[in-house]
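First comes the structure, then the notes that go with it.
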Amino acid sequence: MNVNEQELQDAALGRQSREGFLAFAASLECDPEAVSTASSVVDDAFVSKLKKYLRSETSAQAPSKTPSLMNQPAPMNQPGPRHTIIEPDDVPRNTMIESEDDIRKVQEELRKQAAKRKKAAGKNASGEKSSAGPSSEEKPYRPTQRLPVIALVACDDGKETGELFRIRGDQFIIGRTEGDFQIAHDEMVSSRHVVITRQTVDGKPRVAVTDLQSRNGLFVRASKAPLDHASEFLIGSGHYRLEINQSMQAVTMAAGSPTDVPITRQLDGHEMPGSVMLSEIVRGRVETRVRLDLSEYRIGRDTNCDIRRTHDPFVASEHAVLSRSANGKWGIENKTTLNGIWIRIPQIIVADGKSCEFRIGEQRFRMKLGVSR
């Protein structure tokens, strides 16, 4: 068999199957013209190794110890020593590839060193800062040329973990019967409920979660928030709306001391503009109303709370505080609870490296853009 330049190039470019390549390489051993033919081909990594192999065979030297060579036994019908077959290898000689275990060990050692430095800094009575500054610390690699990936977790019931979606496109729709992620079993979710959009504003990436005019709205978890007329919030399994009377209209209010199910009655005459009511919404309808005359109301399971949710297992003893400032503005603040407070808003904006939690219907999501800075 005569070896020609085209066959060598086909082998070098990987245009042969593994079996075809091994058969081709084995045939070189019996071809006296192989060395001269190989010499006429433009050198590349593959041909250089091939020439080295052919020279070693011609000079009857022992099989090469090059890491990219694989020793094979001689065919049964041919006498002679064991022969060496070369295979393509893209890794240069003396390259040491780090395994996952190697990388983990390095990271663990770096964490230990960082902990020691932090401990030593804490013992520095003078309180002087390191001259190197925070920029001396090596940061984990992250892409700088492309837009960051959006990580979205649809939390499992009662857990912080769940199904993970890595959103690499510019738009992701969530709904009950339409969209990229559908929650068919939740009747509180609209057909097309929210859309997640990746944006760039003034050269900086961000992500927006926008309510698509859904019936039950989009809620974001917040530690505190201002409240205006028609503001809605969730506490445990309770859904509330603040109503500031804008005109002369008849309203209902809770009579007597606060209870779990306030008794409502029609007021005589009309409420004055500016009066404030807190309505509880159940299955889309107003169930009860409480008039807010005080400047502060505590919400929780405790019997001492002003607005009680005694039988709600998702509410803390003292869950949140609803208050009015000196200038008449209302707001709500969480009291460091497991389930927090959730505020209804039309759109959530999250900057690069930041995260948030939001709810639609009874489904909770965690979302993060890029990495923390």
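With contacts defined as side-chain heavy-atom distances shorter than 4.5 Å, the pair T310/R301 does not qualify. Between M277 and N245, every side-chain heavy-atom pair lies at or beyond the 4.5 Å cut-off. With contacts defined as side-chain heavy-atom distances shorter than 4.5 Å, the pair M367/I150 qualifies. A 4.5 Å side-chain heavy-atom check between E232 and F219 finds at least one atom pair inside the cut-off. In this structure, H319 and N334 have side chains that are in contact, with non-hydrogen atoms separated by less than 4.5 Å. Residues D306 and V290 are not in side-chain contact: their nearest non-hydrogen atoms beyond the backbone lie 4.5 Å or more apart. With a 4.5 Å cut-off on side-chain heavy atoms, R241 and V286 count as touching. E187 is not listed as a side-chain neighbour of R283, based on a closest heavy-atom distance of 4.5 Å or more.
Within 6.0 Å of CG in D157 there are 12 or fewer heavy atoms belonging to other residues, nucleotides or ligands. Residue I103 places its CD1 atom among more than 12 non-hydrogen atoms of other residues, nucleotides or ligands, all under 6.0 Å distant. For R111, the CZ atom sits in a packed shell: over 12 heavy atoms of surrounding residues, nucleotides or ligands are nearer than 6.0 Å. No more than 12 heavy atoms of other residues, nucleotides or ligands lie within 6.0 Å of CD in E100, so this atom counts as exposed by the packing criterion. Crowding of E362 atom CD: a count of heavy atoms from other residues, nucleotides or ligands under 6.0 Å not exceeding 12. Summarising the local packing, CD of Q213 is surrounded by 12 or fewer heavy atoms from other residues, nucleotides or ligands at distances under 6.0 Å.
Across V149 and I167, no two heavy atoms sit closer than the pair CG1-O, 3.8 Å. Contact between V282 and E287 at its shortest, heavy atoms only, is CG2-CB, 3.7 Å. The minimum heavy-atom distance between V209 and L218, with the atom names listed, is O-CD2, 3.6 Å. The heavy-atom pair separating R176 from I183 by the smallest distance is CG-O, 3.4 Å. Q363 and C155 make their closest contact through NE2-O, 2.9 Å (heavy atoms, listed as atom of the first residue, atom of the second, distance). Taking all atoms of both residues into account, the shortest heavy-atom contact from P148 to R142 is CB-NH2, 4.4 Å.
F365 and M188 are not part of a single hydrophobic cluster, where members link through side-chain heavy atoms under 4.5 Å apart. V153 and V350 are not part of a single hydrophobic cluster, where members link through side-chain heavy atoms under 4.5 Å apart. The cluster map of Ile, Leu, Val, Met, Phe, Trp and Tyr, joined by side-chain heavy atoms under 4.5 Å apart, puts V220 and I341 in the same cluster. Taken together through direct or relayed side-chain contacts under 4.5 Å among Ile, Leu, Val, Met, Phe, Trp and Tyr, L294 and L292 form part of one hydrophobic cluster. Taken together through direct or relayed side-chain contacts under 4.5 Å among Ile, Leu, Val, Met, Phe, Trp and Tyr, V315 and I307 form part of one hydrophobic cluster.
Between R291 and D293 there is a salt bridge, since at least one side-chain N of the basic residue sits less than 4.0 Å from a carboxylate O of the acidic one.
No side-chain donor-acceptor contact under 3.5 Å links R366 to the backbone of A151. The closest donor-acceptor contact from the side chain of R192 to the backbone of G175 lies at 3.5 Å or more, if one exists at all. Side-chain atoms of S191 never come within 3.5 Å of backbone atoms of E178 as a donor-acceptor pair (strictly under, hydrogens ignored). Within the 3.5 Å criterion, the main-chain N or O of E318 finds no donor-acceptor partner in the side chain of R298. Of the possible polar contacts, none joining the R215 side chain to the S190 backbone as a donor-acceptor pair under 3.5 Å is found. Under the 3.5 Å distance criterion, the side-chain polar atoms of Q113 are left unmatched by any main-chain donor or acceptor of E108. The backbone N or O of P205 lies less than 3.5 Å from no partner atom in the side chain of D352, so there is not a single donor-acceptor pair. Between the side chain of S214 and the backbone N or O of G217 there is at least one donor-acceptor pair closer than 3.5 Å.
Separating the CG atom in L322 from the CG atom in L278 is a distance of 6.0 Å, to the nearest 0.5 Å. R364 contributes atom CZ, which lies 7.5 Å from atom CG of N339 (distance to the nearest 0.5 angstrom). Considering CG of D180 and CD of Q182, their distance stands at 9.0 Å, rounded to 0.5 Å. Rounding to the nearest 0.5 Å places CE of M96 at 8.0 Å from CG of D102. Put simply, CG on D228 and CH2 on W330 are 12.5 Å apart, with the number rounded to the nearest 0.5 Å. Distance check: R344 CZ to F358 CZ gives 15.0 Å after rounding to the nearest 0.5 Å.
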Exercise. Do L152 and I174 pass the side-chain contact (heavy atoms from CB on, under 4.5 Å) test, and can you show the C-alpha distance, the side-chain angles, and the key distance before you say yes or no?
Worked result: CA-CA 11 Å; L152 178 71; I174 305 174; 4.1 Å; yes
Exercise. Can you check side-chain contact (heavy atoms from CB on, under 4.5 Å) on E109 and K112, steps first, answer last?
Worked result: CA-CA 5 Å; E109 179 60 29; K112 290 180 181 179; 4.3 Å; yes
Problem set entry | R146/R168 under side-chain contact (heavy atoms from CB on, under 4.5 Å): CA gap, chis, key distance, verdict | CA-CA 10 Å; R146 65 162 171 80; R168 295 180 172 85; over 6 Å; no
Problem set entry | T197 vs Q171, side-chain hydrogen bond (donor to acceptor under 3.5 Å, both in side chains): CA-CA, chis, key distance, verdict | CA-CA 5 Å; T197 308; Q171 183 173 285; 4.8 Å; no
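Residues forming a side chain to side chain contact (heavy atoms under 4.5 Å, CB included) with K329 (at least two apart in sequence, or on another chain): S325, N327. Under the salt bridge (Lys or Arg N to Asp or Glu O under 4.0 Å) criterion, R324 pairs with no residue at all, not counting sequence neighbours. A search for ring pair (Phe, Tyr, Trp, His ring centres under 6.0 Å) contacts involving F165 returns F172, F181, not counting sequence neighbours.
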